[in-house]
Amino acid sequence: MRLAIISDIHGNLEALESVLSALKNEGVEAALNLGDLVGYNASPNECLDLLQDYPVWHLAGNHDLALFDQDRAQWFNIIAHEALVWCREHLRPEHMEFLHNLPLTLEKENFIACHGTPTSPDTYVSHHFQGKRVLSDLRRQALHRVCFFGHTHKRALWYRDVRGKVALQEITSKKIRLQPDCHYLINPGSVGQPRDRNPEAAYAVFDGEEFSIHFKSTPYNVAQAQQRILAAGLPPYLAERLGLGI
Ligand SMILES: [Fe+2]
């Protein structure tokens, strides 16, 4: 099965439209959304409307969960919190209900998926010790070779080989064949707020039969997304960072 892996859309309609348009040429059967449909950007209702017609497995991200959880929301920085409050005020009731019922993880035949880690939507996998911990758990449970995750808004391909070595594999524009005896932690980057200094909307295509991952990105109308943020009265920094990919 060819599967689109998307994450951290964060209400960026222009970025999502560009990714869905690019996916028409990818021959994917479905998409896997690793969470954070809302927050930061100004079009959460429009993004949720658009995804209704698309075959997607959705997971809950920490921003989706914080809509309903004051304790979780209090740990957000001021700008993220302001955007969250805006979302609570503007999301349509049917979308709130949809977001309220999202699962934290998804397990299929050849992968597990989560927002942060399989045990916490709030935990980041950014550093070696964090990748090592999740990959060790994956190996111990002996269920899946691949774990998809998001949350950091940065692409990553962590691997653990048969000798227990854990490292980051270089990501190129070419398709990457995965090794059948390794375990992998794969982050496709963010659709709606990339933070690896490339403003393009990021996604990836996973081929389960071939056992490969292809990291991709697509340009979108950043200026229009920025304009929507400013028009909505959200913090101007949220518009600025889209142009910088931070
Ligand atoms: Fe996020």
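Heavy-atom basis, side chains included; hydrogens, waters and symmetry copies ignored. One-based numbering, in listed order, for ligands and for the atoms of each.
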**Student:** Hey, is Arg2 close enough to Asp207 for a salt bridge, meaning N to O under 4.0 Å?
**Tutor:** yes

**Student:** Are side-chain N/O atoms of Asn62 and His115 paired as donor and acceptor at under 3.5 Å?
**Tutor:** yes

**Student:** With a cut-off of 2.8 Å, does His151 place any N/O/S atom under that distance from the Fe ion (ligand 1)?
**Tutor:** no

**Student:** Can you name the N/O/S atom of Asp36 that is nearest the Fe ion (ligand 1)?
**Tutor:** OD2

**Student:** One thing to verify: whether Lys216 and Glu200 come together as a salt bridge, which I'm taking to mean a side-chain N less than 4.0 angstrom from a carboxylate O.
**Tutor:** no

**Student:** Closest N/O/S atom of Asp8 to the Fe ion (ligand 1), by atom name?
**Tutor:** OD1

**Student:** Any idea which N/O/S atom from His153 gets closest to the Fe ion (ligand 1)?
**Tutor:** NE2

**Student:** Charged N to carboxylate O below 4.0 Å: is that the case for Arg145 and Asp181?
**Tutor:** no

